[in-house]
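Chain letters run A, B, ... following the sequence lines, proteins first, then strands; residues in each count from 1. Values below: every heavy atom of this structure, side chains too, minus hydrogens, waters and symmetry copies.
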Amino acid sequence: MGDWWTPAMMPDPSLDTKELSSISGISMSSSRQNLHHSLHSTMALPKTSYSMLSAFCTEENISQCIAYINQEVCSLGLTGVSFESKSGSLSAVPVVNLLYEVLQLQRRAQCALHELETQQLKNGSDLEHLQHSNCRLKDQLEHTRRENSGLHEGERQLQLKIKTLQNCLKSEKEEVQKLQSIISSRATQYNHDTKRKERECTKLKERLNQLLMDKRDKKLSIEISNHVGRSDGKRGLWKTGKMEARHEGEMYRALLSDYETRQRSLMMENSELKKVLQHMKKDMITILSPKKPCVKTEPADDSLEQAVSEGEEEIGDSSRETLEQSCEQAREQLTNSIRLQWRKLKSHMERLDSQASLVACQEREGEEMMSRKEHEEEMQRMRMELQQCKEFIHMQQQLLQQQLSSPCDEETAALLNDCYTLEEKERLKEEWKLFNEQKKNFERERKNFTEAAIRLGHERKTFEEDRAAWLKTQFLNMTPFVDRKRPALSEPHSALSVGTEPEAKLQSTPPLVTKSLFSTPKAAPVKMPSTADLYRTLHLIPDSRYSHVPGARGHGKCPSGEMLTKSRLRNCSTDCSVISLVRDENSPI
Amino acid sequence: MNFSEVFKQSNQLCKVSPDGKYLATCVQYRLVVRDFNTLQIVHLYTCLDQVMHMEWSSDSLFIFCAMYKRGLVQVWSLEQPDWHCKIDEGSIGLVSSRWSPDGRHILNTTEFNLRVTVWSLCTKSVSYIKYPKACQKGVDFTADGRYMALAERRECKDYISVFVCDDWHLLRHFESETQDLAGLEWSPNSCVLAVWDNCLEYKILLYSLDGRLLSSYSAYEWSLGIKSVAWSPSSQFLAVGSYDEKVRILNHITWKKITEFEHPATIINTKAVVFKEVEKRPVVGSEDLSIHQMTVDNSLFSTQSKYEITQLPAQVPVIKPDPDRANPKIGISALAFSADNRFLATKNDNMPQSLWVWDMQRLSLLAVLEQTAPVRCFVWDPRRPRLALCTGNTKVYLWSPAGCVSVNVPVEGSFQVQSLFWHCSGSSLVLLSKEHICLCYMEAEEEK
């Protein structure tokens, strides 16, 4: 408190100011309590109020006081009050004015002070905040630094690890290499050793042999009461060069005969396959060609085309058949056409399948009627087809002629450009002759074809019948088993059959037989064949189970078989499996 | 099915003559020859020691009995019972003997495979073939008996010699491209020789009669290879069974693989039938306790069994082979084609209780026979597609495309069938137990 007094150690404060200042001092006091440190402010307020003892202004020093005040006020930029010394009194108005101005000033200062105080406060808090954040950031920094160092450490360790692992790897690799080399060396050593051992062994054997031979092993002998003749009854022959040649010859003969038989079998197989192919082709043609009136909707044009191509191909085929089918090109063509037709047939079959259900319904109603009508229709169709085929033949003939003549024409043109030579003329003549021959051939082929067409008609008829039957069975078998049967029908194994005997081959070709053959395993939804049947197929059944037993074999007949029969009869049922078994028996196995 | 009475036999020595007329059995040092139809003893020969091996000559006129320990071979004639022949191999020792295909020569392999001695009964002459290789199957004759192939080992290399059996003329001698030849076998048409390497390498070579290499086949490397090889009777197929539990079928035209048959532990092939043998203890009902029982008494003590068809997929019992032991029990150890080429029977060693039958026309699995005991022996009927097998118990099992049967051998005491073989006519079966034989007659169809 004493500090504040220092500016107030005025020697003689006036009375007025004393009062004023006391008032101001009172008014100040509250604020002074609240914000005591803001009182440091530079504002030089006359806080002289309290001391009653040393009042600022007294009667005696009023003039000095006024002068002092004037001085002070002047310094504050205000007009001082003039002291009329004559009257010895102070005019009130300027004093009041002055006071008022001073008050204003003071208020302003106060305001400013307030503002500054709040500013200070704000700054303080800001500072604090900044300090806090600074602290925090410092912490964070510290933390991250620590983290960083930790990571560094980890990295270092990992690096170390890597290094050790790399070392390990290297050493392992070395180890592997070493082991491999060891293995290989061992292997070579082993091989070497075995070879050495083997050599030693052979040497020993040799030696042993030598010893045995040298010793003239007395025991080595054959005692025989008398010589036996050769099994073939001939006499032994001397070993001569002739014999050697004969052996060679025989060997080569054997080889040759083997190759011949093999070639023959291959030829057989080949021809068989070809036959099958032809047959298939024919069948396909017969299946496919009547389709066009039947399926007259969208594939009409298709089938026509097909008929065209088939007609052509058939002619080709028949000629090819007669010619001999070993030609590469012909074969390719044949297979190609077959493939094409097969595709058609497949699609057709699919169509047929979908139609089958519908057709079957209709067929059931008027089967006999239909058949006759259909027959007639069929005949008509056949005739039509025949006509068509003939037309095709004609067309082809023409085409052929054109083809043959066209190179001739070119030649003639060329010849016209150049000149005729005798040789060329002759050649032309020859070609003409050849052409005539071909024409003749063609005529013959045409005849063949007409015959074939007639045959085709017959076959077609049978096929139609077959088809009707098939459709019927198809309908009748409209059971869940239909699906299972279809693959069996379409199984294309056949020709590549395994057995050597032709019987086996033939047997596998028709799908129905194969089906019956293999129905036994298919009866897997367990239907055990009855023991009796089994025995019969195994050729085990005695003529009569008990009574008749040949005397010499006498002793033990088989009671267990009987037992088995008993035990079996319970779970066997006489059904399809039995039939299949019987078939199996009959079929040449 | 009828059974004969039981005869004694030793060393499993029982052979039917190639013409099917006689049955020869050895009992210790005695050789008994019986008429096959009447089973009456025709001849009785006494040998010098216990017989170790016995074999008929191809013309059924002679039998030799080999006594390996003594290095002796004795030959007996059926036409002249007092004729005799004794061959002494001397101090060199004897390990195996066989007839040449003409039935007039005997080939003796001496100890250590030192040589093969060829003894002629016609001229008393002896010839030697040196360096025969000691292996699984080192000698094979062609089916027509004209040629003999012999595996040889010289200078650490495998060679094959082809001899003409007529006069033992060496026709061809060539090096085979094997590391360590394990066996060789002529095709039934006598024109191709199959040669295979030992199990360390999968390699099969096919040589023509004149020594040309026709083809070589290897299915894989770095694993145990071939375990068994079989020609089909038509020479059309060569079946190769290997340690990878597969059979590979090679064809006779390109010698390439046609197909391979796997032996999976789970059968899912719906076309195959799995026959499972089910044993049943007979239940003795009161009505069975009659006089009738007397005839079936022995079957009372033995279990009955029958086959049941197992629903697919079926599990086949598998044993795990010991990997640390040599010759692991895994892979196809036995293969046999039926006489008509239509079927192939195989046995996989780690499925010892199962026998697999394959259809060679469809090249697919046809049947699996799952026995209650490991299959010991299986043989095809030489005439019909019929397979007989035994598992070392008292039953004989038969398979045909029509199905399976198990038949108890109805003899007094137990007759444990160790092995069996067919008579050449296919009309009867010879069953061998440890010390006995028993004949089993099939009733042929045409007799009915």
Checklist entry - Of the listed residues (B/Thr123, B/Val126, B/Asp144), which shares the most heavy-atom pairs with chain A below a 4.5 Å separation? => result B/Thr123
Item to check | Selection from B/Asp210, B/Val73, B/Val192, B/Asn113 maximising heavy-atom pairs under 4.5 Å formed with chain A | outcome: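 Answer, by heavy-atom pair count under 4.5 Å with chain A: B/Asp210.
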Rounded distance [0.5 Å steps], [atom1] in [X] versus [atom2] in [Y]:
| X | Y | atom1 | atom2 | answer |
| --- | --- | --- | --- | --- |
| A/Leu208 | B/Leu114 | CG | CG | 5.0 Å |
| B/Cys156 | A/Lys195 | SG | NZ | 6.0 Å |
| A/Asp258 | B/Leu209 | CG | CG | 9.0 Å |
| B/Phe163 | A/His247 | CZ | NE2 | 12.0 Å |

Quick one: what part of [X] sits under 4.5 Å from any heavy atom of chain A, side chain, backbone, both or neither?
| X | value |
| --- | --- |
| B/Arg212 | side chain |
| B/Ser208 | side chain |
| B/Trp83 | both |
| B/Arg154 | neither |

Is the number of heavy atoms from other residues, nucleotides or ligands under 6.0 Å of [X] [atom1] greater than 12?
| X | atom1 | answer |
| --- | --- | --- |
| A/Arg196 | CZ | yes |
| B/Gln179 | CD | no |
| A/Tyr190 | OH | no |
| A/Glu200 | CD | yes |
| B/Lys157 | NZ | no |

Item to check | Working for side-chain contact (heavy atoms from CB on, under 4.5 Å), residues B/Asp166 and A/Met243 | outcome: CA-CA 11 Å; B/Asp166 260 358; A/Met243 277 300 286; over 6 Å; no
Next on the checklist: Closer than 4.0 angstrom, basic N to acidic O: yes or no for B/Arg172 and A/Glu248?
Outcome noted: yes
Checklist entry - Checking A/Leu266 against chain B: side chain, backbone, both or neither under 4.5 Å from a heavy atom? => result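 When you check distances to chain B, only side chain atoms of A/Leu266 fall under 4.5 Å.
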Checklist entry - For the side chain of B/Arg146 and the backbone of A/Ala254, is there at least one donor-acceptor N/O pair under 3.5 Å apart? => result no
Next on the checklist: Go through it in stages, so that I can follow the logic: the residues are A/Thr202 and B/Arg153, the test is side-chain contact (heavy atoms from CB on, under 4.5 Å), and I'd like the CA-CA distance, side-chain angles, deciding distance and then a yes or no.
Outcome noted: CA-CA 9 Å; A/Thr202 46; B/Arg153 186 82 176 174; over 6 Å; no
Next on the checklist: Is there a side-chain contact (heavy atoms from CB on, under 4.5 Å) between A/Glu206 and B/Lys130? Walk through the geometry before answering.
Outcome noted: CA-CA 9 Å; A/Glu206 200 87 12; B/Lys130 279 212 276 186; 3.2 Å; yes
